[in-house]
Amino acid sequence: AAGVIQSPRHLIKEKRETATLKCYPIPRHDTVYWYQQGPGQDPQFLISFYEKMQSDKGSIPDRFSAQQFSDYHSELNMSSLELGDSALYFCASSLGQGNSYEQYFGPGTRLTVT
Amino acid sequence: EDKVVQSPLSLVVHEGDTVTLNCSYEVTNFRSLLWYKQEKKAPTFLFMLTSSGIEKKSGRLSSILDKKELFSILNITATQTGDSAVYLCAVGGGGTSYGKLTFGQGTILTVHP
């Protein structure tokens, strides 16, 4: 069965640079969530989109922005990168929004900021 | 503030043992509780629980939710080395949330042969 696709899988950037992470949800899923998982930590919710509109916002820094496109894929744009942004970034998708729907996670993008 | 607490934080057992992982939560507007297995990559979905007292089962894994006492347990019987992983509990809900999950810190399970 098709799963959530994320690209790139690994990314190395320098401080103050910009990064763009992409997420392709499971086919027919209309809701996308972004999570950040630091080393040894649990995933922290950043932001979510339902039908191309932002539906929920968590602890996402102002330096980050995201959007969902007409084909339901999503991109997380990160600017002025800091060392503390080094983490695993997961995208999850579900069919429908709200917490009665199972969220399936992608393989993650490991971002290293040097 | 929404909170999910898992216990124990780590557990070491031998193959064939049975383990019980605990998850307690304080979340406004609770909607669902999910269990995930994470093995150095993406969390893999195990169960979603929305109703109290109804056990969900998949092979050697089972889980149940108690919405009155605000906790859930995940049982794994006849453990195998392949069960070694971090088990994450996540709760959906909170304020006007439309789907964000609040995760616990995870239980690291190590199964020795």
Side-chain angles (χ1 to χ4, degrees), chain A residues 1 3-7 9-10 23-26 29-51 53-60 66 68 74 87-110, chain B residues 1-10 21 23-25 27-51 54 56 58 63 65 67 72 85-108:
Chain A
V4 176
I5 297 171
Q6 290 186 248
S7 68
R9 295 292 305 278
H10 300 273
C23 169
Y24 297 85
I26 291 172
H29 281 196
D30 50 16
T31 308
V32 168
Y33 312 82
W34 285 98
Y35 293 87
Q36 178 193 58
Q37 186 174 30
Q41 298 180 0
D42 52 280
Q44 295 292 315
F45 172 76
L46 293 177
I47 196 167
S48 63
F49 293 87
Y50 167 67
E51 284 290 345
M53 299 283 290
Q54 180 183 308
S55 59
D56 212 346
K57 194 170 180 180
S59 50
I60 183 169
Q68 185 180 33
S74 177
L88 199 50
Y89 290 84
F90 288 113
C91 170
S93 74
S94 68
L95 179 61
Q97 68 169 341
N99 293 120
S100 298
Y101 303 97
E102 301 156 3
Q103 291 185 28
Y104 294 88
F105 283 72
T109 293
R110 184 169 296 283
Chain B
E1 185 181 325
D2 299 333
K3 194 163 59 172
V4 179
V5 178
Q6 293 185 242
S7 65
L9 293 182
S10 67
L21 310 184
C23 175
S24 63
Y25 61 90
V27 173
T28 55
N29 300 321
F30 171 89
R31 294 195 174 97
S32 59
L33 186 145
L34 294 85
W35 284 97
Y36 289 88
K37 177 183 181 183
Q38 188 173 26
E39 302 169 89
K40 292 185 180 178
K41 50 183 179 166
T44 303
F45 173 80
L46 295 176
F47 299 111
M48 184 173 77
L49 303 152
T50 56
S51 302
I54 298 175
K56 291 224 173 173
S58 175
S63 183
L65 174 66
K67 288 168 75 173
S72 173
V86 177
Y87 289 83
L88 294 167
C89 171
V91 174
T96 57
S97 164
Y98 286 101
K100 81 166 200 181
L101 295 177
T102 300
F103 282 84
Q105 67 274 63
T107 293
I108 302 171

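Chain letters run A, B, ... following the sequence lines, proteins first and then strands; every chain starts at 1. Note that the structure is predicted; figures quoted are calculated from it, not measured.
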Can you tell me how far CG of B/Leu101 sits from CD of A/Gln103, rounded to the nearest 0.5 angstrom? 4.0 Å
CZ of A/Phe45 to CG of B/Asp2, rounded to nearest 0.5 Å, is 12.0 Å
What class does the angle between the rings of B/Phe45 and A/Tyr104 fall in, given that below 30° is parallel, 30 to 60° is tilted and above 60° is perpendicular? tilted
Heavy-atom closest pair, residues A/Phe105 and B/Pro43: CB-O, 3.5 Å
How close do B/Ala42 and A/Pro107 get, heavy atom to heavy atom, and via which atoms? CB-CA, 3.7 Å
Any residue meeting side-chain contact (heavy atoms from CB on, under 4.5 Å) with A/Ile60, in chain and number order, not counting sequence neighbours: A/Leu46, A/Ile47, A/Lys57, A/Phe64, A/Leu76
Segment of A/Tyr35 engaging chain B (4.5 angstrom heavy-atom cut-off): side chain
Can you sort out the partners of A/Gln44 under side chain to side chain donor-acceptor pair (under 3.5 Å), two or more places apart, ordered by chain and number? A/Asp42
Side chain, backbone, both or neither: which part of B/Tyr36 has a non-hydrogen atom closer than 4.5 Å to chain A? side chain
